Amino acid sequence: MSIPGFIFRNALRNKRRLVLTVLSVALSLFLFTTLQTALHLMTHPPTTEQGALRIAVRHRVSLANVLPAKYQLRIERMPGVQYCSKFTFFGGIYKDQSQSNFAQFAVDADRIFRIFSEMIVPPEQEAAFIKEKTACVVGAKLMERFGWKIGDKVTFQGTIWGCDPQLTIRGVYHGEGIDQTLVFFHHDYFDELMGDLGLVGTFWVKAESAQAVPVLIERIDAAFRNTDAETKTETERAFQLDFISMLGNVKLFIGSISTVIVFTMLLVTASTMSMAIRERSREMAILKAIGFNGTQIFSLILAESFGLAMTGGIIGCVGAKLLFGHVDIYKLSHGNVPMFPVTIDVVALGLLVALMLGVVSSIIPARSSIKMTVVEGLRELD
């Protein structure tokens, strides 16, 4: 019998224990991959080449504070600015609170899809949206979720703002790697409903080039320094991370759970290998008697432990990628998670954990087996 065949036969000696251990490792690494994907989405939000040109201008104190609408004219006149749009979060309720887990924004209809060019809207729909003050454009996934159609009317009950926009769907946007669950409507209509208060949540700016971005950030903040509403200007990535930071130290929380999962996997795998080696004390002693040295015996134990851990790792990590790649996570989460892409980097991290698990869990059983003498190994077990 060949060495690989010998290792394989040993692993299959107790099939029930083998299956349960592999499934335990697979489930643990599935959870690990899921958590790491969630962490990656929070700390590395999706971005595009166009995203590198976008700048968010908000109130220096917090996102809850508003800016004067008149700031837009000064921003638009600055060298390096290609487009600038008002961008106010409405936060309304559609039907009831349980169905309102999507965002609505009041924007400048003729500029928003120039700034967010990844959001693709058919030209005729965009023209209809720009022309009609009470029109809105909705993400493709949101349209599918509620069964909306072009021409349908939707009403949002104001919570933050004291108005209830009644909108007509005139366009649908889509695009790869972007949130397709948003609603955009006219800021002019919002201003009209609010009595022309002249207030804006944020401004979004698209720079003419990547080189102009850092200059614009300094120039915009300098222009409104020492005013009643000072600004904080950030790149799109910095704005997203700043928003996520309001949730607290999510990285520490998810990291702690991941550590517990890895430690539990280590205990399960090490326990399995210890029992397997203890049951084979006589075989190990016979191997020593016929000339196998400590290094060779350790290699046999390591190969079995490595194979067990990696089998579970492949099932768990690759299974997570395949599952989330084919399941509509938006529907499954009832609209709470727009997208959940499991990246190759996360899968590789999970497999690396499995590799380390296979090595570490074999050390203690292998050490005790190597130290055992031939006479001790051949002794009858109780």
Side-chain angles (χ1 to χ4, degrees), residues 11-12 15-48 98-99 101-103 118 139-147 173-182 240 244 247 250-269 272 305-358 361:
L12 293 177
K15 295 182 178 64
R16 179 184 298 175
R17 184 170 62 204
L18 173 68
V19 171
L20 290 176
T21 303
V22 169
L23 289 178
S24 297
V25 173
L27 179 59
S28 298
L29 281 171
F30 177 86
L31 294 174
F32 178 84
T33 303
T34 302
L35 287 171
Q36 290 301 310
T37 299
L39 180 62
H40 187 269
L41 283 173
M42 291 181 180
T43 56
H44 298 83
T47 188
T48 62
S98 63
Q99 299 189 62
N101 51 353
F102 59 92
E118 303 93 330
K141 287 189 176 181
L142 200 61
M143 292 285 287
E144 183 182 353
R145 175 185 172 187
F146 291 111
Y173 76 84
H174 63 277
E176 291 295 328
I178 60 172
D179 188 351
Q180 299 179 49
T181 66
L182 307 177
Q240 291 171 331
I244 292 169
L247 299 175
V250 179
K251 187 174 183 179
L252 177 62
F253 178 69
I254 295 180
S256 300
I257 298 176
S258 299
T259 302
V260 171
I261 290 174
V262 173
F263 182 69
T264 304
M265 284 191 295
L266 178 61
L267 293 180
V268 169
T269 312
T272 299
S305 176
F306 176 81
L308 185 151
M310 288 304 295
T311 300
I314 291 171
I315 294 173
C317 298
V318 178
K321 181 170 179 60
L322 293 176
L323 176 65
F324 290 121
H326 290 84
V327 170
D328 191 338
I329 194 67
Y330 180 69
K331 286 185 178 178
L332 193 65
S333 65
H334 301 288
N336 291 302
V337 182
M339 62 186 84
F340 201 78
V342 180
T343 64
I344 295 297
D345 291 343
V346 173
V347 172
L349 177 62
L351 293 177
L352 179 61
V353 170
L355 185 152
M356 295 175 62
L357 182 70
S361 62

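Given the structure is predicted, the values throughout are model-derived calculations rather than measurements.
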Legend entry - Minimum-distance pair of heavy atoms, taken over all atoms of L182 and D179: CD2-OD2, 3.7 Å

Inset, instruction - Output, in order, the C-alpha distance, side-chain angles, deciding distance and verdict of side-chain contact (heavy atoms from CB on, under 4.5 Å) for I344 and K321. - result: CA-CA 8 Å; I344 295 297; K321 181 170 179 60; 3.7 Å; yes

Legend entry - Point-to-point distance, once rounded to the nearest 0.5 Å, from CZ of F32 to CD1 of I254: 11.5 Å

Inset, instruction - Starting at OG1 of T34, measure out to CG of L323 and round the result to the nearest 0.5 Å. - result: 8.0 Å

Inset, instruction - Test side-chain contact (heavy atoms from CB on, under 4.5 Å) on T33 and F324 and set out the steps. - result: CA-CA 11 Å; T33 303; F324 290 121; over 6 Å; no

Legend entry - Shortest non-hydrogen contact from A309 toward A354: CB-O, 3.4 Å

Inset, instruction - Determine the minimum heavy-atom distance between H40 and V346, stating which atoms define it. - result: CB-CG2, 4.4 Å

Inset, instruction - Report the distance from atom CG of L355 to atom CE of M310, rounding to the nearest 0.5 Å. - result: 5.5 Å

Inset, instruction - Any chance you could measure L27, atom CG, to T264, atom OG1, to the nearest 0.5 Å? - result: 11.0 Å

Legend entry - Closest approach of L142 to F102 (non-hydrogen atoms, all atoms of both residues): CD2-CD1, 3.5 Å

Inset, instruction - Going by the side-chain contact (heavy atoms from CB on, under 4.5 Å) test, name the single residue among L31, L349, L35, V353 that passes it with S258. - result: L35

Legend entry - Gap separating the OH atom of Y173 from the NZ atom of K141, nearest 0.5 angstrom: 10.0 Å

Inset, instruction - Identify the heavy atoms of C317 and L29 that sit nearest to each other, and give their distance. - result: SG-CB, 4.1 Å

Inset, instruction - Step by step, work out the side-chain contact (heavy atoms from CB on, under 4.5 Å) result for T181 and R145. - result: CA-CA 9 Å; T181 66; R145 175 185 172 187; over 6 Å; no

Legend entry - Pairwise distance CD(E144) to NE2(H174) - rounded to 0.5 angstrom: 13.5 Å

Legend entry - 4.5 Å side-chain heavy-atom contact, T343 and T37: no

Inset, instruction - Can you see which heavy atom on V268 is nearest to which on S24, and at what distance? - result: CG1-CB, 4.2 Å

Legend entry - Full working for side-chain contact (heavy atoms from CB on, under 4.5 Å) between L357 and V262: CA-CA 8 Å; L357 182 70; V262 173; 5.6 Å; no

